[in-house]
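The sequence lines fix the lettering, A, B, ..., with proteins before strands; numbering per chain opens at 1.
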Amino acid sequence: MEYNFQVIEQKWQNYWTKQQTYRVEIDESKPKYYVLDMFPYPSGAGLHVGHPLGYIASDIYSRYKRHKGFNVLHPMGFDAYGLPAEQYAIKTGQHPAITTEVNIKRYKEQLGKIGFSFDWNREVRTSDPNYYKWTQWVFTKLFSSWYSNGSKKAESISMLEQIFKLNGSKKVDAACGEVKNFTAEEWKAMDKYQQQEILMNYRLAYQSNTAVNWCPALGTVLANDEVKDGLSVRGGYPVERKVMKQWSLRVTAYAQRLLDGLDQVDWSDSLKEMQRNWIGKSVGAKVFFKLEKYNDSLEVFTTRPDTLYGATFMVIAPEHDWVNKLTIDKQQQEVEAYVKWAKSRTERERMTEVKKVTGVFTGSYAIHPFSGEKIPIWIADYVLMGYGTGAIMAVPAHDNRDYAFAKKFDIPIIQVVSGGDISEESYDAKEGVLMNSAFLNGLSVKKAIGAAILKITKLGIGEKKINFRLRDAIFSRQRYWGEPFPVYYKEGMPYVLSINDLPLELPAVDKYLPTEKGEPPLARAKNWKTKEGYPLEVDTMPGFAGSSGYYLRYMDPQNSKQYFSPQAINYWQDVDLYIGGAEHATGHLIYSRFWNKFLYDMGMVVKEEPFKKLINQGMIQGRSSFVYRIKGTSKFVSFGLRNKYDTQRIHVDINIVDNDILDIEAFKKWQPDFAEAEFILEEGKYICGHEVEKMSKSLYNVQNPDELIEKYGADTLRLYEMFLGPIEQSKPWDTKGIEGVYRFMRKFWKLFHNKDNDFVLSDEKATAAELKVLHKTIAKIENDIERFSFNTGVSAFMIAVNELSDLKCNKRAILEPFSILIAPYAPHIAEELWSLMGHEQSITLAEFPVFNADFVKENDFSYPVSFNGKMRFKLNLPIDLSKEEVEKAVLKAEESQKWLQGKTIRKVIVVPKRIVNIVVG
RNA sequence: GCUCGGAUGGUGGAAUUGGUAGACACGUUGGACUUAAAAUCCAAUGGACAUUGCGUCCGUGCGGGUUCAAGUCCCGCUCCGAGUACCA
């Protein structure tokens with residue numbers, strides 16, 4: 001039989017489905033291994049060749065681990081909530097669930113054709129009530145928890161209520177919002193409403209007033225990238241900063257643990273660094289500056305308490321609570337105008353116009369805590385309300401932003417650290433010796449920081465403080481297509497539903513738009529209230545809600561009583577290998593870790609970090625093709641001649657270009673405009689130009705996997721995607737090279753077949769040469785898979801098949817183990833050959849061949865002999881010669897004489913089994 | 001600006017610990033087979049010089065350095081990619 005991949009692949013895909021080959025259950029007799037892919041959002045466009053890259057790699061690894069005796073959990077599911085389906089629903093009125101269902105079906109078909117070893121019994125979809133029941137449930141748990149800095153973990157709110165009842169708030173060290181201290185008596189005297197208000201400041205899922213980009217015309221909150229120049233990208237309506245009541249998750253409570261956990265995981269340095277920057281820990285001090293006119297102090301955060309004597313002014317953010325309090329009458333108008341202007345700017349604008357220095361004087365002064373001098377308080381939008389206290393002490397000599405501000409508004413600049421020329425620019429480095437700083441003079445920066453903190457602590461005007469850049473995650477969306485919050489309101493206070501009332505299913509609505517009053521779409525639902533008649537929350541959860549804990553649900557996906565059973569978590573523990581795109585570095589991968597740490601505190605999961613090893617697959621870029629039209633004509637000129645004319649470069653569909661040569665007839669048919677096209681050719685061909693760009697429909701460079709599978713088969717596609725290059729590297733897709741892999745597949749097939757294409761294997765004993773090829777390859781493949789070097793693995797197969805072909809080897813003793821080696825990469829052909837060899841069970845169950853070093857032992861080593869570092873010739877020598885013997889043999893060798901002639905030997909370096917280098921002069 | 005990656009033939013890439021640079025493919029060229037094409041097979045293929053052969057020199061973004069030996073280590077640059085952005 002010919003290598004008929006279409007028949008073979010169909011046959012085995014059916015077999016796997018029918019036999020449930022990849023179904024996996026807890027099996028205490030085997031070690032577990034959990035391989036996870038980042039689950040996809042099922043978009044309407046389907047998969048392109050870039051999507052399966054990571055899935056193929058993880059599939060190879062999963063299959064390999066199975067051959068190695070592991071019980072492998074390798075599931076797949078869908079991140080099914082998302083904006084595109086909702087937008088489509090708004091446009092067409094079709095329920096997003098229907099769109100999503102259709103898209104998922106298409107995704108599963110496409111995935112099925114590539115031959116993945118997913119256990120589809122464990123599929124999860126975030127939009128499935130049986131799944132989001134547990135997303136909602138975790139939310140209720142977060143709502144009922146607070147974070148104790150003392151025990152460094154989440155504790156229950158009822159415990160906190162007990163503490164308040166007994167001791168008041170004084171001794172509670174919690175990650176919380178701003179709360180005024182109260183005594184036990186005061187607590188007991190409060191009414192339920194007041195108590196709930198206070199508890200809200202402690203909950204890990206809490207409601208607070210948060211500034212958002214509100215677009216009244218669209219009736220929704222927009223993300224930063226949905227706003228441009230103060231207008232909505234969609235529709236161009238005005239957008240304003242508005243404070244709204246929003247649910248948030250107190251991710252910041254876990255900042256330190258999120259940072260510490262990075263030391264325990266096997267992730268790339270760049271990814272860990274990204275997370276560290278995102279968490280943004282900075283160590284410094286909080287310092288209170290007394291106000292001149294009030295018996296009150298302004299709190300600031302600084303990382304440079306050593307430069308306190310250089311503080312010549314203070315700045316508060318335009319949103320700061322004390323703007324009114326600090327503004328004197330004379331400045332009133334100016335301040336109001338400035339604050340209004342600052343508020344009209346979106347965060348994005350403020351970011352992009354970094355260089356613009358703006359600000360206004362309040363007219364008030366603070367008192368310098370050390371020198372007692374008056375220093376002016378300004379308002380400027382380079383100070384952000386969201387970080388630190390929204391107020392700073394400005395040290396223009398040693399901070400470039402303060403410097404620019406002081407220069408513009410003519411504020412004194414006092415140098416307090418030696419080094420740098422203050423007349424030109426600020427000196428920000430943390431190096432030098434203190435000056436102009438009274439008791440700190442002469443100290444190094446490092447020592448001065450300590451001394452300054454000691455002093456402010458003694459004076460009771462501040463203390464050491466750690467700040468994080470990380471912000472709590474806003475968890476509310478005014479959208480339809482997301483998880484409903486399991487929350488109802490009683491007398492205006494939010495309460496969560498009990499587990500018996502979950503899932504709270506997404507209700508039907510007549511339209512997927514906000515109401516006329518500007519409420520979110522859920523407000524349109526009929527009877528959107530509890531049994532008791534209390535109104536339910538109308539916001540929904542964001543995209544990252546469902547993806548934060550999906551890896552846990554795969555462990556026990558059908559459990560209707562629990563998120564997952566204790567047996568399941570005790571067996572599967574955590575994800576051993578996680579493969580996905582780097583775009584989730586700071587979103588999903590922070591939220592998931594937070595989610596997991598919370599569940600860890602609850603005693604529900606057994607590992608504090610969910611993802612042991614993580615690999616970021618690179619992007620597959622497109623390779624666009626171009627034609628060159630002479631401007632104003634319908635004449636097209638070939639690539640090499642394009643500079644002789646005034647041309648316009650036009651993207652052309654890569655499907656009508658082969659090896660940069662344009663299919664002219666297909667081009668004419670491609671678009672009506674080109675039907676009458678004329679061509680100026682080179683050597684009778686139209687050569688296209690090319691460039692690497694992102695893969696996109698609009699650039700006509702999208703390669704769809706279905707077409708390639710149709711033409712070459714899934715095994716070839718799998719091999720080729722791996723052969724393209726290292727998994728973590730971005731690389732252009734180029735269909736050309738797939739032919740080489742396809743040739744290899746047929747060559748491999750031919751090893752098992754004679755000239756007439758009959759399946760023939762010999763049972764003769766394998767020769768030493770054949771065994772050497774096999775075992776060399778076993779070692780190489782094993783090593784390459786273990787270090788995730790899948791591209792070199794493919795070339796090792798090619799080398800082995802080339803060598804076995806040269807040896808005319810068709811021996812079962814070699815080809816049987818070889819089939820197992822290749823099975824993780826090319827499972828269909830491996831199954832087919834395996835069954836032709838007479839096996840009745842799937843090759844999936846076969847044990848990985850064991851490497852035997854005896855078969856690859858060499859008697860000789862071909863020494864490269866260098867003179868002054870330049871390789872001149874090779875000399876075959878017995879492998880066990882000593883250094884001295886090698887040296888002797890090399891110097892005696894005929895080829896050496898030419899290089900030694902008339903020279904003195906200065907040194908001879910012999911590295912056994914590596915190299916010989918002779919230094920002559 | 002800051003942080004993290006990266007740069008090797010015409011192309012994708014290999015070289016795992018400092019030890020033969022360019023594995024394996026693609027493409028190209030030539031040849032075999034064929035009426036012809038496809039498929040297949042064989043050979044050549046980093047550059048320059050020399051081609052009568054042995055060959056010789058140069059070569060991993062650029063400039064230095066360490067070393068018997070550098071694609072790999074160190075210092076200084078250039079360019080490209082990703083992330084982030086007034087974080088006090």
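Between A:Lys772 and A:Glu858, at least one side-chain nitrogen of the basic residue sits less than 4.0 Å from a carboxylate oxygen of the acidic one, meeting the salt-bridge criterion. Using a 4.0 Å cut-off between charged side-chain N and carboxylate O, A:Asp402 and A:Lys407 make no salt bridge. Using a cut-off of 4.0 Å between Lys/Arg side-chain N and Asp/Glu carboxylate O, A:Glu463 and A:Lys286 are scored as salt-bridged.
Comparing atom distances between the A:Glu273 side chain and each of B:U16, B:C4, B:U56 picks out B:C4 as nearest. Considering only the side chain of A:Lys747, B:C41 comes nearest among B:U16, B:A14, B:C41. For A:Lys907, whose side chain is taken as the heavy atoms from C-beta onward, the closest listed nucleotide among B:U40, B:A21, B:C68 is B:C68. Of the listed nucleotides (B:A88, B:C24, B:U84), B:A88 has the atom at the smallest distance from the side chain of A:Leu384. Looking at the side chain of A:Ile915, the nearest of the listed nucleotides B:A15, B:U20, B:A88 is B:U20. The side chain of A:Lys898 approaches B:U56 more closely than any other nucleotide in the set B:U40, B:A88, B:U56. In this structure, the nucleotide among B:U40, B:A88, B:U16 sitting nearest to the side chain of A:Thr303 is B:A88. Among the nucleotides B:U20, B:G27, B:G13, the one closest to any side-chain atom of A:Arg743 is B:G27. For A:Met798, counting side-chain heavy atoms from C-beta on, the closest listed nucleotide (B:A15, B:G55, B:A25) is B:A25. Checking B:A85, B:C68, B:A88 against the side-chain heavy atoms of A:Ile909 singles out B:C68 as nearest.
Rounded to a whole angstrom, the distance from the P atom of B:A14 to that of B:C33 is 39 Å. Atom P of B:U60 sits at a distance of 43 Å from the matching atom of B:A37, rounded to the whole Å. Nucleotides B:U16 and B:A21 place their C1' atoms 16 Å apart, quoted to the nearest Å. B:A82 and B:C75 have their C1' atoms separated by 26 Å, given to the nearest Å. Only the P atoms considered, B:A38 is 41 Å distant from B:U56, to the nearest whole Å. Look at the C1' atom in both B:C54 and B:C42: the space between them is 27 Å, to the nearest Å.
Residue-level contact check: A:Val911 touches the bases, meaning some heavy atom is under 4.0 Å from a base atom. In this structure, A:Asn783 reaches the bases: a heavy-atom distance under 4.0 Å links it to at least one base atom across the strands shown. Using a 4.0 Å heavy-atom criterion, one finds that A:Trp749 contacts no nucleic acid atom at all. Residue contacts shown for A:Ile799 are limited to sugar-phosphate atoms, with no base heavy atom under 4.0 Å away. Using a 4.0 Å heavy-atom cutoff across all strands shown, A:Ser795 reaches at least one base atom of the nucleic acid. Contacts of A:Arg906 with the nucleic acid, taken as non-hydrogen atoms under 4.0 Å apart, are absent. Using a 4.0 Å heavy-atom distance criterion, A:Gln729 is classed as a sugar-phosphate-only contact. Looking at heavy-atom distances under 4.0 Å, A:Asn791 makes contact with sugar-phosphate atoms alone, never a base. Nucleic acid contact for A:Lys913: none, since no nucleic acid atom lies under 4.0 Å from a heavy atom of the residue.
Cation-pi check for A:Arg718 over A:Tyr720 is not met; the charged atom does not lie both under 6.0 angstrom from the ring centroid and within 45 degrees of its normal. Both tests hold for A:Arg469 against A:Trp278: distance to the six-membered ring centre under 6.0 Å, angle to the ring axis within 45°.
In B:G9 the O4'-C1'-N dihedral to the base is within 90° of 0, which defines a syn nucleotide.
For B:G19, the paired nucleotide is B:C68, the pair qualifying as Watson-Crick or G-U wobble because both relevant distances are below 3.5 Å. The partner of B:G9 cannot be assigned: no Watson-Crick or G-U wobble pair with both contacts below 3.5 Å exists in any strand. Using the Watson-Crick or G-U wobble rule with both distances under 3.5 Å, B:G76 pairs with B:C62. Here B:U28 sits opposite B:A44 as a Watson-Crick or G-U wobble pair (both hydrogen-bonding atom distances under 3.5 Å). Pair assignment for B:G1: B:U84, on the basis of Watson-Crick or G-U wobble contacts that are both within less than 3.5 Å. Across all strands shown, the partner of B:C49 is B:G55, judged by Watson-Crick or G-U wobble contacts whose two distances both fall under 3.5 Å. A 3.5 Å limit on both hydrogen-bonding distances identifies no Watson-Crick or G-U partner for B:A14.
Regarding A:Lys870, its NZ atom lies at a distance of 8 Å from the P atom of B:G59, rounded to whole Å. Rounded to whole Å, atom P of B:C4 lies 18 Å from atom CH2 of A:Trp267. The distance between atom NZ of A:Lys736 and atom P of B:C24, rounded to the nearest whole Å, is 19 Å. Following rounding to the nearest Å, A:Arg872 (CZ) and B:C54 (P) show an atom-to-atom distance of 16 Å. When the P atom of B:C86 is taken as reference, atom CG of A:Asp399 falls 13 Å away, rounded to whole Å. For the pair A:Glu728 CD and B:G12 C1', the interatomic distance rounds to 18 Å; values are reported in whole Å. Rounded to an integer number of Å, the gap from CD of A:Gln621 to C1' of B:U11 is 14 Å. In this structure, CG of A:Asn616 is placed 12 Å from P of B:G83, rounded to the nearest angstrom.
With hydrogens and angles ignored, a donor-acceptor pair closer than 3.5 Å exists between the side chain of A:Asp381 and the base of B:C86.
Side-chain N or O atoms of A:Thr362 include one that pairs as donor or acceptor with a backbone N or O of A:Ile377 at under 3.5 Å. Of the possible donor and acceptor atoms, none in the side chain of A:His690 sits under 3.5 Å from a partner among the backbone N and O of A:Asp660.
A ring pair (Phe, Tyr, Trp, His ring centres under 6.0 Å) with A:Tyr825 is found for one member of A:Phe818, A:Phe748, A:Phe797 and no other, namely A:Phe797.
When the nearest nucleotides of RNA chain B are assigned to A:Gly737 and A:Lys750 by heavy-atom distance, the more 5′-ward of the two goes with A:Gly737.
Among all heavy-atom pairs drawn from A:Lys694 and A:Asn701, the shortest one is O-ND2, 3.2 Å.
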